[in-house]
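Here's the structure, in structure tokens; my notes come after.
Fair warning: this is a prediction, and the values are worked out from it, not measured in the lab. Below, each value reflects all heavy atoms present in this structure, side chains not excepted, and no hydrogens, waters or symmetry copies.
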Amino acid sequence: MKKILFLLIILSAVLLAKDINTEELLKNLGNSEWVIVDTRDSNEYNGWNLSNLKTNGHIRGATDFSANWLKTKYRNSKNRDILKQRILEKGIFPEKNIVLYGKSEDMKKVENYLREDGVEKIYFYDLEKNKDYDKLPFERYENYEILVPANWVKNAIDKNEIKIFEVSWGSIKDAAVYLAGHIPGAPHINTDSIEPPPKWMLNTDENLIKFAEEMGISKNDAIVLYGEDVMASYRLAVILKYLGVKDVRVLNGGLEAWKGAGYRTEIGVVKPTPIKDFGSRIPLNRNLIVDENGAKEVLRDKKNSKLLVDIRSYNERIGKESGYSYMDRKGRIAGSVWGKGGTKSTTLEDYRNIDNTMRNGYEIISMWSGLGINTNKELTFFCGSGWRAAEVLFYSQVMGLKNNALYSNGWMEWSENSSNPIEVGEEK
């Protein structure tokens, strides 16, 4: 019995993560045998200072694996498969030395998960214990502030610094999620206002400005958008930026992030207060959204400085399915490159974490590199009707990439014109 107890003590000592100090961590930064992993909220990795630190962002060269992704509500077979794939993509292999950093409780949760996956050489770097952490090089996304955490939104609402809107498809009577509980003070925006049926293509500039005035949005406002389906928020965010609204931000993770932070929702319809003048009669950022002719200009580029990037599922890309119940045209724009997306037209797994927050930007760029997409070029994103591509464009702006654009009407418009070149089938 004593021998068994002794062996258990030895085993537990071997399996316990070892603490590492700042000097040891500095010495191993850039060493390919060591992988540094941020276990905090993904907003902190992006650049937000949510822990009252002396610096913000993440340790240079670190990847991320937030303890938030291990919450019970995210435990399903699809998410399990995604997390296992992400571990490989992040280079977290059993033979590597893995340094988890953040808060003690977050590091322990991630440690337990990784041990179940066969990772044993784990070290802890506790930001609360190591007061000299500011000796480490930290970095952040250039425009992290346009993708906001729930606590920032709460503070801005309390100070009356922003106008917040819930964005989703359907009139108010069909907006079941909104009616069940929305962020206090938020009116509902029906996406039909910006892309009217039956084609759901982008509304005219005149009507978009009229829509903004009806919603009480001027070019000088600070706007925050959110929804249960976060994609709709990004769709509208890009359109408002196109119109020239000064400050447009999106709640990272949407309604779920607000609820997860413990903030209350309210029931009842909030009506917007219309204004008479948006501040301009024409869009002030016209280069942000291109039409069919603009997409053709990208394809005709002789300098090899532009790319038309397809943000759709693989089955849509090869013409196996259209992706939409109301449109049966299949295939891809000839000359475009595939940028991945998700498994279907309503998902974007390749660009999101499992809690619907933005995926690690360095992984996005690495994915693009493997697909032949050079971020030094001007990238124009398209999908079926603009939702998925708008989200990816917004993420590229968060990362600080310049001169990218949205082909808003995408495959819906392109495939409608029988003279436009299309391709189907597998690509070489």
Any heavy-atom pair between the side chains of Leu136 and Leu26 that's under 4.5 Å?
yes
message: Salt bridge or not between Glu105 and Lys109? Use side-chain N to carboxylate O under 4.0 Å.
response: no
One should read off an interatomic distance between Leu243 CG and Ser218 OG, to the nearest 0.5 angstrom, of 11.5 Å
Under a 4.5 Å cut-off applied to non-hydrogen side-chain atoms, are Trp411 and Arg312 in contact?
yes
Met412 side chain near Met327 side chain, heavy-atom distance below 4.5 Å: yes
For Arg286, the salt bridge (charged side-chain N to carboxylate O under 4.0 Å, His left out) test, sequence neighbours excluded, returns Asp205
Under a 3.5 Å distance rule, please check whether Asn76 uses its side chain to pair with a backbone N or O of Asn79 as donor and acceptor. yes
For Glu228, the salt bridge (charged side-chain N to carboxylate O under 4.0 Å, His left out) test, sequence neighbours excluded, returns none
**Asked** Counting distance only, does the side-chain N/O of Asn21 pair as donor-acceptor with the main-chain N or O of Asn130 below 3.5 Å?
**Response** no
Fill in: Ring centre gap for Trp34 and Tyr123 strictly below 6.0 Å
yes
Measure the acute angle between the ring planes of Tyr178 and His182, then classify it against the limits of 30° and 60° as parallel, tilted or perpendicular. parallel
#### Entry: cation_pi(Lys340, Tyr351) dist<6.0 Å, angle<=45
no
query: Under 4.5 Å between any side-chain heavy atoms of Ile98 and Phe93, yes or no?
result: no
Ignoring hydrogens and angles, write down the donor-acceptor pairs under 3.5 Å from the side chains of residues 148-158, residues two or more places apart or on other chains.
unit_1	atom_1	unit_2	atom_2	d
Lys154	NZ	Asp158	OD1	3.4
Lys154	NZ	Asp158	OD2	2.8
Asn155	ND2	Asn151	O	3.3

By salt bridge (charged side-chain N to carboxylate O under 4.0 Å, His left out), Glu426 pairs with (sequence neighbours left out) none
### Query
Hey, is the main chain of Glu321 close enough, under 3.5 Å, to the side chain of Asn315 for a donor-acceptor pair?
no
With a 4.5 Å heavy-atom cut-off, do Leu240 and Asp221 have their side chains touching?
-> no
Between Glu89 and Arg86, does any side-chain N to carboxylate O distance fall below 4.0 Å? yes
Check whether any side-chain N or O of Asp310 sits under 3.5 Å from a backbone N or O of Trp338 as a donor-acceptor pair, and report yes or no. no
| query | Can Lys296 and Glu292 be said to form a salt bridge (charged side-chain N to carboxylate O under 4.0 Å, His left out), step by step? | reply | CA-CA 6 Å; Lys296 289 177 179 178; Glu292 183 180 325; 3.3 Å; yes
Query raised in the report: Is the backbone N or O of Ile122 less than 3.5 Å from a side-chain atom of Glu111, with the two atoms forming a donor-acceptor pair by type?
Result: no
- Message: If we count only N and O atoms by modelled type, under 3.5 Å, do the side chains of Thr204 and Glu206 hold a donor and an acceptor together?
- Response: no
| Does NZ in Lys377 sit with more than 12 non-hydrogen atoms of other residues, nucleotides or ligands closer than 6.0 Å? | yes
**Message:** When you measure from the side chain of Ser336 to the backbone of Val309, do you find a donor-acceptor pair of N or O atoms at a distance under 3.5 Å?
**Reply:** no
**Item:** Neighbour count above 12 (heavy atom, 6.0 Å) for Lys96 NZ
**Value:** yes
ask   = Do the charged groups of Glu44 and Lys103 touch, with an N to O distance under 4.0 Å?
value = no
The residue among Tyr234, Tyr144, Trp368, Phe381 that forms ring pair (Phe, Tyr, Trp, His ring centres under 6.0 Å) with Tyr395 is Tyr234
| message | One pair to check against salt bridge (charged side-chain N to carboxylate O under 4.0 Å, His left out): Lys90 and Asp64. What are the steps and the verdict? | response | CA-CA 8 Å; Lys90 294 173 188 294; Asp64 62 335; 2.7 Å; yes
Decide yes or no on salt bridge (charged side-chain N to carboxylate O under 4.0 Å, His left out) for Arg249 and Glu145, but give the supporting numbers first.
-> CA-CA 8 Å; Arg249 310 188 192 208; Glu145 290 177 312; 5.5 Å; no
Q) When the ring centroid of Tyr113 is compared with that of Trp69, is the distance short of 6.0 Å? A) no
Item to check | Check: His188 side chain, Gly170 main-chain N or O, donor-acceptor pair, under 3.5 Å | outcome: yes
Hits for salt bridge (charged side-chain N to carboxylate O under 4.0 Å, His left out) against Asp38, two or more places apart or cross-chain, chain-then-number order -> Arg40
Next on the checklist: Keeping Asn203 on the side-chain end and Ser193 on the backbone end, is there a donor-acceptor pair under 3.5 Å?
Outcome noted: yes
Result for salt bridge (charged side-chain N to carboxylate O under 4.0 Å, His left out) between Glu256 and one of Arg352, Lys73, Lys71 points to Lys73
dist Asn353:CG -> Phe65:CZ (nearest 0.5 Å) comes out at 9.5 Å
Looking at Glu128, is its backbone amide N or carbonyl O close enough to the side chain of Lys131 to form a donor-acceptor pair, meaning the two atoms are under 3.5 Å apart? yes
- Message: Given 3.5 Å as the limit, does a donor-acceptor pair link the side chain of Ser369 with the main chain of Ser366, or not?
- Response: no
Got Leu88 and Lys84 here, is their nearest side-chain heavy-atom distance under 4.5 Å? no
Problem - Test side-chain hydrogen bond (donor to acceptor under 3.5 Å, both in side chains) applied to Asp41 and Asn43, step by step - result: CA-CA 5 Å; Asp41 184 293; Asn43 289 295; 2.9 Å; yes
Quick one: does Ser322's side chain get under 4.5 Å of Lys330's, heavy atoms only? yes
Under 6.0 Å between ring centres: does that hold for Tyr141 and Tyr362? yes
Margin query: Looking at Lys402 and Glu142, is there a salt bridge between them, counting it only when a charged N and a carboxylate O are closer than 4.0 Å?
Written below: yes
Applied to residues 257-284, the side chain to side chain donor-acceptor pair (under 3.5 Å) test, sequence neighbours excluded, yields Glu213-Arg281
**Prompt:** Is there side-chain contact between Tyr407 and Glu413, with heavy atoms separated by less than 4.5 Å?
**Reply:** yes
Identify whether the distance between the nearest side-chain nitrogen and carboxylate oxygen of Asp134 and Lys54 falls below 4.0 Å. yes
